[in-house]
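Computation of the quantities below employed the complete heavy-atom set of this structure, encompassing side-chain atoms and omitting hydrogens, waters and symmetry-equivalent molecules. All figures in this text were calculated on a predicted structure; none of them were measured in a lab. Within every chain, numbering begins at 1; the chains are lettered A, B, ... in the order of the sequence lines, protein sequences first and strands thereafter.
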There are 2 protein chains.
Amino acid sequence: MARQRRPTIKDVATAAGVAVSTVSNVLNDHPHVTDATRRKVLDAVEKLGYQASRAAKSLPGGRTHLIAYCLPGDEEPNPALDVFLHRIVATAAASSLEMLLFVQQGHDSVEPYRDLLRRGGADGFVLSGIEYDDERVAFLQDRDIPFVCFGRVGDPGVTAVDVDGAAGIAAAVEHVAGVGRTRFAFIGWPDGSATGDDRLRGYLDGVERSRAASVAVKQVRNDYDRGRKLVADLMEDSRPDAIVCVSDVLALGVMDGLRALDLRPGADVAVTGFDDVPASSLTSPGLTTLRQPMDRIGSLLVERLVSQLGRTAPSPSGPVLIEPDLIIRQSTRNPMLADT
Amino acid sequence: MARQRRPTIKDVATAAGVAVSTVSNVLNDHPHVTDATRRKVLDAVEKLGYQASRAAKSLPGGRTHLIAYCLPGDEEPNPALDVFLHRIVATAAASSLEMLLFVQQGHDSVEPYRDLLRRGGADGFVLSGIEYDDERVAFLQDRDIPFVCFGRVGDPGVTAVDVDGAAGIAAAVEHVAGVGRTRFAFIGWPDGSATGDDRLRGYLDGVERSRAASVAVKQVRNDYDRGRKLVADLMEDSRPDAIVCVSDVLALGVMDGLRALDLRPGADVAVTGFDDVPASSLTSPGLTTLRQPMDRIGSLLVERLVSQLGRTAPSPSGPVLIEPDLIIRQSTRNPMLADT
DNA sequence: TCGACGCCTTGGAACGTTTCAAGAAACATT
DNA sequence: AATGTTTCTTGAAACGTTCCAAGGCGTCGA
């Protein structure tokens, strides 16, 4: 029952009748290895069920072959996390990197990183949920540790990928204007969040570009009920025929609020959201929204991190903006066309 | 700009004026260390910002101090993943374990595990999405590698935690019967999934216990549209006044289907789901459903895995069933009471 | 005063890899 | 045939810990 000792590279070498270094060469695809030798070694590996020890592997070079991601606190559910992580891990695997997950335990955003480094670290980090003057960025820069950000960072020397929320919202506004809406309202988050500010900018741009009118801008916490309750006042004060929301959660609340006033979302008032949470397609009318291509973002982030790890040059990075996909559903259908 | 060499235990020893082994003793809380020595060493650690190398640490003992979890393929979105992972990582951290994430790349469910082991392995695994005769279970048992399962496993020697779907659904049925419904229908998944079969069993139990009638059982793929389209026939053929669904996705589809027939979910026909996906609270009427306590499940799994790792006895494990929480919303309100 | 026994500290081997300089073998060129 | 060159293989050091046996130095008892 006792688990027997794992075979080491030495056992493989003995079994294959070659030197330890030769086995290492084969396993790491070094040049100058005969096919015959390679075969002998691989056969032995197969036969013994050899598994390299990660520890021994990283010891000489000081590289852990690990990248790390800190799970955001769970106050806000994040349904897109699975796709994001999946893509990150898959992309990392292509470069023989594995992914370590850690969490923020206390309130200090830097502490988990400090802690992980103390425990043995990782070769690089993927950061998300970046805010203005994010402390983690300075911390990692100080220590000269490679990292990439999902979110906007002021410093152009930092590798960052972000969703072009402004462009997305602007596109949504133009689409809604295109189906005949003219009186727009925006429901956003309070000032001070990088993402929220960006999306508000996009709304204003979009309204201007489509020569429509913005009759109201509200800023509230990201909460279904806030959205729902806000609608009554909004309709009474400003009578918009299109409500553009900074998030799906708010938009879904707004739709519910409209129904409570006996207004039909889509038919009477157009509504848009942002994120394409699952609920947006599991409701009727379906919510027109913007989907962040988390898969593309994930691979892009890791690819850039990997190129930073192959520490040759300081790697010319700079921020990349990715346009979200506009998902058109019935909440912005053309009211002039027949009902479905 | 070049990152400077990290201080090693040797540097600490020199700085503190003691031997390397003494530093190790202090850091690992060995007995027989003077307070004076301990202080000297800790001061040096502090001053140098010493961080132990994970690799060097695991080398002698052969333990990686890592547990691993394989992300399920992303064909089915999994909104609860964030809570689950968060809890797993946090619980593992309490035992100085870190968590490695990997993914299933191809169609073979065992291959990713084999691959991870080859790459350096982990001390233990957390498995989810267990099916009947899961290949991974046999694979890991063969190799005598510690693991725990989220899901039901036939072999009672395997440590497993699962949600008692049957009890959950039965509770939902009884609750619905309690508000005056008598003609039940069940919408489940096709036979052959451990989870689906379990929930169907619970439905039948619940109906029997509440002396209600089951007028129909349908089995379809887990798909919003399936649920929606199925309703017309179901209402025509069997006229249920309560529809119990195996999942929220189907239940949301059913609610939409009812509306299309000008029936009001909650008022005319009660509807229940399973999972408490975010959409269930972001719709109106809110969907009565069962929530899997992912946080409790996560910690339980890891605690048991940890106790297996402290390899003393074969650790008497056995399966644990956790009852899901019944979340009551307006989709099962009492039709006799006044509308809200 | 001497010896035995504790407690604390220490040197050094071991862990399983990578890496690099150097050796051996095969081949090409004269 | 001798020399140079290239291709393939090897031995051994190094990586940063832990762990164990042994050493030093007090203290206590006789």
Side-chain angles (χ1 to χ4, degrees), chain A residues 3-42 44-45 48-66 96 98 117-123, chain B residues 3-42 44-45 48-66 96 98 117-123:
Chain A
R3 190 161 344 155
Q4 62 187 355
R5 198 178 59 84
R6 279 171 31 159
T8 74
I9 200 175
K10 212 170 185 172
D11 301 320
V12 175
T14 310
V18 298
V20 166
S21 5
T22 304
V23 176
S24 173
N25 285 341
V26 170
L27 261 28
N28 294 288
D29 287 325
H30 278 251
H32 307 317
V33 179
T34 334
D35 273 354
T37 312
R38 164 169 288 114
R39 261 229 336 281
K40 268 193 302 184
V41 171
L42 292 181
V45 165
L48 297 179
Y50 166 71
Q51 320 164 351
S53 141
R54 177 182 294 109
K57 213 163 179 164
S58 7
L59 193 42
R63 321 293 304 260
T64 61
H65 305 288
L66 251 30
S96 306
E98 276 159 343
L117 289 174
R118 206 177 344 244
R119 277 172 134 62
D123 292 347
Chain B
R3 189 165 344 155
Q4 64 187 354
R5 198 178 60 83
R6 278 173 29 161
T8 74
I9 199 176
K10 211 169 185 172
D11 300 320
V12 175
T14 310
V18 298
V20 167
S21 358
T22 304
V23 178
S24 173
N25 285 340
V26 170
L27 261 28
N28 294 288
D29 286 325
H30 277 251
H32 309 318
V33 179
T34 335
D35 273 354
T37 313
R38 164 169 287 115
R39 263 232 334 283
K40 268 193 303 184
V41 170
L42 292 181
V45 166
L48 297 179
Y50 165 72
Q51 321 164 347
S53 139
R54 177 190 295 114
K57 211 163 180 163
S58 355
L59 194 42
R63 320 294 304 259
T64 60
H65 304 287
L66 251 31
S96 306
E98 276 159 344
L117 289 174
R118 205 170 354 237
R119 277 170 131 65
D123 291 348

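Taking NZ of K57(A) as the reference point, atom CG of N28(A) lies at 6.0 Å (rounded to 0.5 Å). Distance check, rounded to the nearest 0.5 Å: CG of L117(B) to CZ of R54(A) gives 9.5 Å. From S58(A), atom OG reaches atom CG of L66(A) across 8.0 Å, with rounding to the nearest 0.5 Å.
Sorted pairs that involve residues 16-27 of chain A and meet salt bridge (Lys or Arg N to Asp or Glu O under 4.0 Å), not counting sequence neighbours, are lacking altogether. The salt bridge (Lys or Arg N to Asp or Glu O under 4.0 Å) pairs that include a residue from residues 12-31 of chain B number zero, where partners must be two or more places apart or lie in different chains. Among residue pairs with one or both ends in residues 18-27 of chain B, none qualify as salt bridge (Lys or Arg N to Asp or Glu O under 4.0 Å); sequence neighbours excluded.
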List the atom pairs, donor and acceptor, that lie under 3.5 Å between side-chain atoms in residues 30-40 of chain B and the rest of the protein, sequence neighbours left out.
residue: T34(B); atom: OG1; partner: T37(B); partner atom: OG1; Å: 3.3

Below 3.5 Å, can you tabulate the donor-acceptor pairs from side chains in residues 10-22 of chain A to any protein atom, sequence neighbours excluded?
residue: D11(A); atom: OD2; partner: R5(A); partner atom: NH2; Å: 3.3
residue: D11(A); atom: OD2; partner: T8(A); partner atom: N; Å: 2.8
residue: T14(A); atom: OG1; partner: K10(A); partner atom: O; Å: 2.9

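Taking the side chain as every heavy atom from C-beta outward, R6(A) and Q51(A) approach each other to under 4.5 Å. Looking only at side-chain heavy atoms (C-beta outward), V26(A) and V45(A) stay at 4.5 Å or farther from each other.
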#### Entry: Sequence-aligned protein contact record of nucleotides 13-25 of chain D, with B where the base is within under 4.0 Å of a protein heavy atom and S where only the sugar-phosphate is
--BBBBB------
Write down the protein N/O and nucleotide N/O pairs, taken from nucleotides 5-8 of chain D, whose separation is under 3.5 Å; answer none if there are no such pairs.
residue: dC8(D); atom: OP2; partner: H32(A); partner atom: ND1; Å: 3.2
residue: dC8(D); atom: O3'; partner: T34(A); partner atom: OG1; Å: 2.7

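Taking S53(A) as the reference, nothing meets the side-chain hydrogen bond (donor to acceptor under 3.5 Å, both in side chains) condition, with sequence neighbours excluded.
Put simply, chain B comes within 4.0 Å of DNA chain C, heavy atom to any atom, from dC8(C) to dG16(C), going 5' to 3'.
Helix-axis bend for the helix from dT1(C)-dA30(D) to dT30(C)-dA1(D): the local axis fitted to the five terminal pairs at one end deviates from that at the other end by 50°, rounded to 10°.
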